[in-house]
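Report on one structure; see the data block that follows.
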Amino acid sequence: MPARSIEQIRNLCKRRGFVFPGSAAYGGLGSFWDYGPLGTELLNNVKRAWWRDVVYKRDDVEGLDAAILMSRKVWQHSGHEGTFQDPLVHSKKTGKPYRLDKLLSEQQQPVVAKLFQAVVMQPSNDSRWQDFARVLTYVTPEEAKDDEYALAQAIAREQSGSYQIDPSNRDAYVNAVIRLLNKSALQPECVAFGVTVDAIAKYLVRGSSQNLLTSAGVVERGDTGQTANAADWTEARRFNLMFVSHTGPVEAAAGTAEELASRVYLRPETAQGIFMNFAHVQRSLARKIPFGIAQVGKAFRNEITPGNFIFRTREFEQMEIEFFIKPPQFVREGEKTDVQWHDEWIKQRYEWWLGLGVDGQRLRQREQAADELAHYSKRTVDLEYLFPEFGWGEVEGIANRTDYDLSAHSRDVPEADLKRLKLEPNSDSVEKFDYFDPDAKARYIPWVIEPSAGATRAMLAFLCEAYHEELTKEPPQAEVEAIKAETPAVIKNAQKKQKDAEKESDPSKRKRDPAAIAAFCTALEEAATRLPQSLLEINALLEDHPGAQNLEPVKKLLPKVGKLAEDCTRVVLRLHPTLAPIKLAVFPLKANKAEIVDIAKRIKHQFQGFFRTVYDDSAGIGRLYRRQDEIGTPWCITVDFQTLEDNTVTVRERDSMQQQRLPMDQLKDYFLTRLHM
RNA sequence: GCGGGUGUAGCUCAGUGGUAGAGCAUCACGUUGCCAACGUGAUGGUCGUGGGUUCGAGUCCCAUCACCCGCUCCA
């Protein structure tokens, strides 16, 4: 039985040293994770398997490891800075994003005042008030008549809790502040009130902006597809996708020239490091197109909503290839076009996942729709894995990035190309990332196919795929019969609930879905006929079906099923041997027999230089096997009394649990062959 | 941001206003000839944090923090 929830995986990871919550001593830090001894091995194995496949086994790919921090100009010209820095709202009609602060600043002052009124008049004590209190303190006497300033200050003090405005005078106070806003709120030269517009935008980002946008009539223009209909707008969000830091000591305020001059971003993708080095690699290794550059490394995105364990984190690891090819107009008869290269990479990457043990039923290719394509992409196909609980999730994207990136970073790009790629001329760059093609006898900027996989996501997918709970021994007949005897009572009880649910004629008011209950009953009845093999399925049914645990017969039955299941079950990670964190565990059958212990330790020593090998004698042999099963160790060797007589040991295979005796001098061949080493 | 949930031993979790608990794990001693053996004993806790109610709070109330799930969102 495969993993039913991410929770199971997370527990196993924590318990056995794969992945720990980050900064745990201080209560944790949202969705940052530390990789423990086994997780490090597994992740390294994933990366190594990838590297071996796309670099070693090919004749046309080189490796690279570029710096995480790069010039800010890289991100300006790649398009990442402009797209992600500002609060955005999306028009649901056109699908286009709009900068909220820009929208606001285009509005007439009464609109903003109205908006402000909607904000201030809202009876609320949440933290948004405090934001406004802070904003209001930016209003200085020089910018307002004294009385209005005083009124604004009074409101500010009230928001911060240090002052109580007489309710009967409240409107007068608020109107005073609105008058202030009407005077200068949208004057760009007025710094203080410039902050106000930003603050309103910020407020809208955090609050329920839809109604406010509408009530204030902020978006009443028709020319860009904007409407005042709240349903046509998504909530505003600040897309600070890139983490900001600075090189050198900087104390300047954010947004000033001094601050911008030293600003750096933690890279949100590894790709740009490859583009920056395209010419270096091409020249220094005398590469001819087509060829690719592969890189594994950390990337950082300040995601709005991280989650699902290590699936979406703000710090993650990518495995990316940029594969450089001829632009379509230079492709000759018999050569592959960009479309063909793209298809080929999709196929090859798909097969990589299958080759490492992912079932084709849980891996699919999904074409990205036109409106979800990134700004650089002509076509992207995602490889998605069917995770437990949250379903299909992207583990790799294979994009046709055309010549967008290399053109964006090049000077002197012909105007026609700039227009085609919707790029501005690049006056910052001193380089032109073009290539002289000796066959075509022409210079061109190459096109790029980009297979980009998530290393940490891959690790999660492989863990989910490998996780199995299975029966290892026949449960006692009597207890199985007892469970069989009790299931009709559960079904009867559930059917009663189903009838109750059906009595409520309005489906939206039903507490339970009758169809779901019916499905539960059918599944349970069917599973009961397959006992004892179906023991774990029944356990899962009773545990997972919503509301099932409230049924009286289930309360009686579930503990019995759970106990029996636990007693007769093992957890096993059926990881591909290439990925397994530990390849081999060596045990002495008896820990207090010196000769046996000695031989076991010698075998461990023999292999530890080739791959991760462990020695363990801290429990009975059965328990030692189970421990290794749970962390996916494909082979265990047990040294026993017969070893002392004939130099053979037993090799126990994880998935089948079968053992065979092998002479010790054949062990090396046996394992190295199986690990393709 | 909204809604829901959780927070007690290293892990998984019980806990009815009245002495802080179990299983697993760890350590010690004994026992142990192949699939989670057993016995005896031991270590381990400011019950997320701060207030309050109470003679007495893990338990009730308020606040706060963190994490998880859902919604929104995710070039």
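Values below: every heavy atom of this structure, side chains too, minus hydrogens, waters and symmetry copies. Naming: A, B, ... by sequence-line order, numbering from 1 per chain.
When the ring pair (Phe, Tyr, Trp, His ring centres under 6.0 Å) test is applied to Phe275(A), no partner is found at least two apart in sequence or on another chain. Listed by chain and residue number, Gln318(A), Glu320(A), Glu450(A) satisfy the side chain to side chain contact (heavy atoms under 4.5 Å, CB included) test with Ser452(A) (two or more places apart in sequence, or in another chain).
Remark: P of rU32(B) and CG of Asp617(A) are 16 Å apart, rounded to the nearest angstrom. Distance, Phe309(A) CZ to rC67(B) P: 15 Å, rounded to whole Å. Whole-Å rounding puts the Ile596(A) CD1 to rC34(B) C1' distance at 12 Å. Nucleotide rC34(B) holds its P atom 14 Å from the CD atom of Gln642(A), rounded to whole Å. Rounded to an integer number of Å, the gap from Lys422(A) NZ to rA75(B) P is 18 Å. Regarding Phe390(A), its CZ atom lies at a distance of 14 Å from the C1' atom of rG70(B), rounded to whole Å. Protein atom CG of Leu589(A) is 7 Å distant from nucleotide atom P of rC34(B), rounded to whole Å. For the pair Asp405(A) CG and rA75(B) P, the interatomic distance rounds to 16 Å; values are reported in whole Å.
The local environment of NZ in Lys593(A) is sparse, with at most 12 non-hydrogen atoms from other residues, nucleotides or ligands closer than 6.0 Å. For Glu367(A), the CD atom sits in a packed shell: over 12 heavy atoms of surrounding residues, nucleotides or ligands are nearer than 6.0 Å. Heavy atoms from other residues, nucleotides or ligands lying under 6.0 Å from NZ of Lys378(A) number more than 12.
Side-chain atoms of His80(A) lie closest to rA75(B) of the nucleotides rC34(B), rU32(B), rA75(B). Residue Phe641(A) has its side chain nearest to rG33(B) when only rC68(B), rC74(B), rG33(B) are considered. In the set rA75(B), rC34(B), rU32(B), the nucleotide with an atom closest to the side chain of Arg661(A) is rC34(B). Nearest nucleotide to the Arg301(A) side chain, out of rA75(B), rG70(B), rC34(B): rA75(B). In this structure, of rC74(B), rC34(B), rU32(B), it is rC34(B) that holds the atom nearest to the side chain of Asp640(A).
Electrostatic pairing of Arg627(A) and Glu630(A) does not count as a salt bridge here, judged by no charged N lying under 4.0 Å from a carboxylate O.
Look at the P atom in both rA42(B) and rU59(B): the space between them is 29 Å, to the nearest Å. Remark: the separation of the P atoms in rG44(B) and rU6(B) is 31 Å, to the nearest Å. Here, rG41(B) and rG7(B) have their C1' atoms 32 Å apart, quoted to the whole Å. Comparing the P positions of rA22(B) and rG39(B) gives an interatomic distance of 15 Å, to the nearest angstrom. To the nearest whole angstrom, the two C1' atoms, one in rA20(B) and one in rC68(B), are 26 Å apart. Between the P atoms of rG52(B) and rU19(B), the separation comes to 23 Å (whole Å). Distance noted for atom C1' between rU26(B) and rU64(B): 35 Å (whole Å). Comparing the P positions of rC69(B) and rG30(B) gives an interatomic distance of 48 Å, to the nearest angstrom.
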Nucleotide N/O to protein N/O under 3.5 Å, stretch nucleotides 10-14 of chain B:
| from | atom 1 | to | atom 2 | distance (Å) |
| --- | --- | --- | --- | --- |
| rU12(B) | OP1 | Asn11(A) | OD1 | 3.4 |

Produce the list of close N/O pairs, under 3.5 Å, pairing protein atoms with atoms of nucleotides 41-45 of chain B; give distances to one decimal.
none

Polar atom pairs between nucleotides 35-37 of chain B and protein, under 3.5 Å, N or O only, would you list them?
| from | atom 1 | to | atom 2 | distance (Å) |
| --- | --- | --- | --- | --- |
| rC35(B) | O2 | Arg652(A) | NH2 | 3.0 |
| rC35(B) | N3 | Arg652(A) | NE | 3.1 |
| rC35(B) | N3 | Arg652(A) | NH2 | 3.4 |
| rC35(B) | N4 | Met657(A) | O | 2.9 |
| rC35(B) | N4 | Gln659(A) | NE2 | 2.7 |
| rA36(B) | OP2 | Arg626(A) | NH2 | 3.2 |
| rA36(B) | N7 | Thr569(A) | O | 3.4 |
| rA36(B) | N7 | Arg626(A) | NH1 | 3.1 |

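For RNA chain B, runs of at least 3 consecutive pairs of the Watson-Crick or G-U wobble type, with both hydrogen-bonding distances under 3.5 angstrom, map to B:1-7 with B:65-71, B:10-13 with B:21-24, B:26-30 with B:38-42, B:48-52 with B:60-64.
The two residues Arg263(A) and Val244(A) have their closest heavy-atom pair at CG-CG1, 3.6 Å. Nearest heavy-atom pair, Pro388(A) versus Ala3(A), reported as atom, atom and distance to 0.1 Å: CB-O, 3.6 Å. Arg301(A) and Pro268(A) make their closest contact through NE-O, 2.8 Å (heavy atoms, listed as atom of the first residue, atom of the second, distance). Residues Arg314(A) and Phe32(A) come closest through the heavy atom pair CB-CZ, 3.7 Å.
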Test side-chain contact (heavy atoms from CB on, under 4.5 Å) on Leu460(A) and Tyr385(A); report intermediate values, then the result.
CA-CA 10 Å; Leu460(A) 182 62; Tyr385(A) 178 75; over 6 Å; no
Let me see the working for Arg420(A) and Thr402(A) under side chain to side chain donor-acceptor pair (under 3.5 Å), right down to the final yes or no.
CA-CA 11 Å; Arg420(A) 170 174 57 86; Thr402(A) 71; 5.2 Å; no
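At a threshold of 4.0 angstrom between heavy atoms, the contacts of Tyr376(A) include nucleobase atoms, whether or not backbone atoms are also involved.
Of the N and O atoms on the side chains of Gln660(A) and Tyr670(A), at least one donor lies less than 3.5 Å from an acceptor on the other residue. For the residue pair Thr648(A) and Arg661(A), a side-chain donor N or O sits within less than 3.5 Å of a side-chain acceptor on the partner.
Judged by the 6.0 Å distance and 45° axis criteria, Arg364(A) is positioned over the aromatic ring of Trp392(A).
Evaluated for a side chain to side chain donor-acceptor pair (under 3.5 Å) with Arg652(A), the options Thr633(A), Thr638(A), Asp629(A) yield exactly one hit, Asp629(A).
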